[in-house]
Novice: 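Take a look at this one; I'll ask things after.
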Amino acid sequence: LAKTTQPISMDSYEGQEVNITCSHNNIATNDYITWYQQFPSQGPRFIIQGYKTKVTNEVASLFIPADRKSSTLSLPRVSLSDTAVYYCLVGDRTGGGADGLTFGKGTHLIIQP
Amino acid sequence: KAGVTQTPRYLIKTRGQQVTLSCSPISGHRSVSWYQQTPGQGLQFLFEYFSETQRNKGNFPGRFSGRQFSNSRSEMNVSTLELGDSALYLCASSWGTGSGGYTFGSGTRLTVV
């Protein structure tokens, strides 16, 4: 599975747009990019998945450039409840592969009032 | 619809004992995966079951085992518990057909003393 690199932590304020970038230089042709969110003492929650260009749902947008070597998760107008760890995964459409989902360290996003 | 249910939520065991954790997947999901989460190692894949068969396995010792029943419910067993087995154990279910993300349960917090 392609390795991913993302910032360890980020800070922002309520009402701001937050962009978290993930690098995946070795992404394979068939790989999808999937983002999960995790709150303390809870399981990760699927946020969004994409293959190329832009994907948008009710909670986030995912921007993927043409070379697909990186992706950016965009959270519009964040609130305190968006404080969580965000994981970027690369793999099949489940987000994983034969070795299951490979979670890196994730990005700890802290939203302040 | 009901989510992924894990029982019990909390468990305290003594070194050397064994423990069994249970997971009920989302109705219709045929794949159940197990993950271990610790502060030091993060989220690590244990194994995946699909239609009562272990399909993939992570890099954990043989003390960690699991099974899946005909109704897709799964159990995970850890024998001869060690202090280092203290962790949040997460179960995730999916359709298992290579599409769609995983849905995680809230986990079982195991403490070994």
Side-chain angles (χ1 to χ4, degrees), chain A residues 1-9 22 28-51 55-60 62 64 71 73 84-109, chain B residues 3-6 9-11 21 23-26 29-50 54-60 64 66 76 86-111:
Chain A
L1 290 174
K3 181 179 177 180
T4 60
T5 303
Q6 45 183 133
I8 295 296
S9 65
C22 177
T29 303
N30 297 329
D31 283 343
Y32 284 76
I33 300 154
T34 309
W35 285 79
Y36 281 81
Q37 173 193 57
Q38 186 179 27
F39 299 111
S41 296
Q42 293 188 27
R45 182 176 75 103
F46 174 90
I47 301 175
I48 197 166
Q49 183 180 77
Y51 182 79
V55 179
T56 297
N57 62 22
E58 62 277 9
V59 297
L62 179 59
I64 306 168
S71 59
L73 174 71
V85 179
Y86 292 82
Y87 296 96
C88 165
L89 286 75
V90 174
D92 62 24
R93 288 194 68 182
T94 66
D99 296 324
L101 297 173
T102 301
F103 290 87
K105 298 294 186 182
T107 296
H108 189 188
L109 176 64
Chain B
V4 177
T5 303
Q6 292 188 246
R9 283 285 281 133
Y10 301 93
L11 205 50
L21 311 181
C23 173
S24 293
I26 288 176
H29 282 188
R30 297 168 64 190
S31 167
V32 174
S33 302
W34 289 88
Y35 290 80
Q36 180 196 65
Q37 185 170 29
T38 59
Q41 298 298 318
L43 275 155
Q44 293 186 289
F45 171 70
L46 280 156
F47 30 66
E48 179 197 10
Y49 286 86
F50 181 81
Q54 188 179 87
R55 187 158 70 171
N56 295 302
K57 188 177 189 301
N59 188 27
F60 277 81
F64 292 82
M76 190 192 93
S86 295
L88 179 65
Y89 289 88
L90 292 159
C91 165
S93 77
S94 75
W95 297 106
T97 57
S99 63
Y102 284 84
T103 302
F104 282 80
S106 295
T108 294
R109 172 73 65 184
L110 172 65
T111 301

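Labels below follow one simple rule: chain letters A, B, ... track the order of the sequence lines, proteins then strands, and each chain is numbered from 1.
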Novice: Heavy-atom cut-off 4.5 Å, strictly under: side chain, backbone, both or neither for Phe39(A) against chain B?
Specialist: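 Neither the backbone nor the side chain of Phe39(A) comes within 4.5 Å of chain B.
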Novice: Do you know which of Cys91(B), Ser33(B), Ser93(B) makes side-chain contact (heavy atoms from CB on, under 4.5 Å) with Tyr102(B)?
Specialist: Ser33(B)
Novice: Select one option (side chain, backbone, both, neither) describing which atoms of Gln37(B) are under 4.5 Å from chain A's heavy atoms.
Specialist: side chain
Novice: Ignoring hydrogens and angles, tell me if any N or O in the side chain of Gln6(A) forms a donor-acceptor pair with the backbone of Cys88(A) under 3.5 Å.
Specialist: yes
Novice: Any chance you could lay out the side chain to side chain contact (heavy atoms under 4.5 Å, CB included) test for Met76(B) and Cys23(B), step after step, and finish with the verdict?
Specialist: CA-CA 8 Å; Met76(B) 190 192 93; Cys23(B) 173; over 6 Å; no
Novice: So for Leu88(B), is it side chain, backbone, both, or neither that comes closer than 4.5 Å to the heavy atoms of chain A?
Specialist: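 For Leu88(B), the side chain is the part near chain A, not the backbone.
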Novice: Chain A heavy atoms under 4.5 Å from Tyr35(B): which part of the residue, side chain, backbone, both or neither?
Specialist: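 The side chain, not the backbone.
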Novice: Return the set of residues passing ring pair (Phe, Tyr, Trp, His ring centres under 6.0 Å) with Tyr51(A) (not counting sequence neighbours), or none when no residue passes.
Specialist: Tyr32(A)
